[in-house]
Enquirer: 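If you scroll down you'll find the structure; I have some questions about it.
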Amino acid sequence: MGMVHFDVVQPASVDEAIASLAAHRGEAEVVAGGTDLLRELRMEIKRPRLLVSIDRIDALRGVEDDGYGGLRIGPATTMAELAADDRIRTRFRALAEAASWMGSPQIRNRATYGGNLCNARPCADTAPPTIVCDGELLLRSERGTRQVEADAFMTGPGQTVREPDEICEAIQFKALPAYSGSAFETVTNRKAVEITITSASSRVTLEAKEGPVKEIRVCLGSVAPRPVRAPSAEATLRAKLPTDENLDAAAAAAVADATPIDDLRGHASYRNWMIEVLVRRTLERAVAQARGGAA
Amino acid sequence: MKKLLELTVNGVHHELAVAPHRTLVEVLREDLGLTGTKIGCGEGDCGACTVILDGKAVNSCLVLALQANGREVTTIEGLARGDRLHPLQQAFVDHGAIQCGYCTPGMILRAHTLLQENPDPSEREVRRGIAGNLCRCTGYHKIVEAVLDAASRMRGREERKP
């Protein structure tokens, strides 16, 4: 393995960071934890002339309550920090679950939330949970700030709507309504340091504790070039009571919404089978959390 | 062009000029001569390069040296007190948890932070805790025994403190 030669700047503020990106547009990469970027630099897949390291910018790190039950999360927040945050575990559990398993303990101490989303691998584990919890990304450049819904952010493998001179400044979540729950599950060959074969994230909001489903989001990972919603599953369960029968039907319907490929981690047929299993499990756990008993 | 890097390694403050593309593991090994930290895969998959950075176990092959500026690093060389091995090191020796020794520095440093986070782990928690450290020789069993034994010895020491 080689290594690309580049310069590194470590700006102390977001303003400095976006100025660097603007000045070197197209030739600079943002680096936070670098757990995927360093690999790509070693293999010379990416060849930037400059790395803008955001690891010194305190404003980009941490989890803040917005005062209304929602959260604002800095992109340089590590997976370990996400996994340990009680507010994320209770209010947006799917995100905490995704962050708590990926990579290894060492990777989780460096890999960041913004990095996972902006790197945009089809297997990016925090993307589907962000989508089902209706997260929004704030993108900032010298040209201004804009908000992008998580579901519109990733467009393909390694592709997002982020322009090269933009930084993801925060990922925001509004509070979910009462009687909401979410869950994330993945299947992999090994228990750690493994890429997701198939993942499912579900979020359910009930009308009332024993009431029917008011809102539902199901999002699948690693079964398409980007995370995909499962509209068939959602339509099957919306406005219905979350009985075993209805959850079974929703899980079965999810299979039609994805187009997985055969690759060295699994055949498409295996992924289709897993979609049904993981959607079923995450729906059940999301409903249990929505009813107030964590599962 | 090289940039100034200041970091504290095993309690010793260093000032170095490093090229921006250098990684922490390279600087530790080549510039500071601390070759206890090993390069296994170079891509963050094996954990052989694990060091402790500001109290957290990280893969030093994935940390740019300049990102460690102003921070504290502990390598395997920083664990023993002179000739006195750290209880984890002693336990690895006592239990035969070292064969070729290549995974050992990273394994011990990760076990060290694991026990700081959780001084009384179950076997399952130890196994999950070292899931980022691969060993090709031992099959892990002796390593897990050693970590559990060291944890017990260290808890005993804590309990005996006045």
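Nothing here was measured: the structure is a model prediction, and the numbers come from that model. Throughout, protein chains are lettered first and strands after them, A, B, ... in sequence-line order, and every chain is numbered starting at 1.
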Enquirer: Distance only, no hydrogens: is a donor on one side chain within 3.5 Å (strictly under) of an acceptor on the other, for A:Asp55 and A:Ser53?
Expert: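 Note: A:Asp55 and A:Ser53 side chains meet the donor-acceptor criterion.
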
Enquirer: With no hydrogens and no angle check, is any side-chain donor or acceptor of A:Glu16 less than 3.5 Å from a backbone partner on A:Ala12?
Expert: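 Looks like yes, one N/O pair under 3.5 Å.
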
Enquirer: Let me know if A:Arg108 has heavy atoms under 4.5 Å from chain B in its side chain, its backbone, both or neither.
Expert: neither

Enquirer: Ion pair present between A:Arg47 and A:Glu44, side-chain N to carboxylate O less than 4.0 angstrom?
Expert: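 Between A:Glu44 and A:Arg47 there is a salt bridge, with a charged N closer than 4.0 Å to a carboxylate O.
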
Enquirer: Of the backbone (N, CA, C, O) and the side chain (C-beta and beyond), which part of A:Leu37 lies under 4.5 Å from a heavy atom of chain B, both, or neither?
Expert: neither

Enquirer: Please classify the contact between A:Ala32 and chain B as side chain, backbone, both or neither, with a heavy-atom cut-off of under 4.5 Å.
Expert: backbone

Enquirer: Which one of B:Arg128, B:Gln67, B:Met1, B:Lys56 has the most heavy-atom pairs closer than 4.5 Å to chain A?
Expert: B:Gln67

Enquirer: Less than 4.5 Å to any heavy atom of chain A: does that hold for the side chain of B:Thr113, its backbone, both, or neither?
Expert: neither

Enquirer: Closer than 3.5 angstrom, by distance alone: can the side chain of A:Glu64 be matched with the main-chain N or O of A:Arg72 as a donor-acceptor pair?
Expert: no

Enquirer: Hey, does B:Arg22 have a side-chain heavy atom less than 4.5 Å from the side chain of B:Asp31?
Expert: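 Sidechains of B:Arg22 and B:Asp31: in contact.
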
Enquirer: Does any backbone or side-chain atom of B:Leu134 lie under 4.5 Å from a heavy atom of chain A? Answer side chain, backbone, both or neither.
Expert: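 Nothing of B:Leu134, per the 4.5 Å heavy-atom cut-off to chain A.
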
Enquirer: Might you confirm whether atom CZ of B:Arg155 has over 12 heavy atoms from other residues, nucleotides or ligands at distances under 6.0 Å?
Expert: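 Yes.
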
Enquirer: Answer with side chain, backbone, both or neither: which region of B:Glu26 has an atom nearer than 4.5 Å to a non-hydrogen atom of chain A?
Expert: side chain

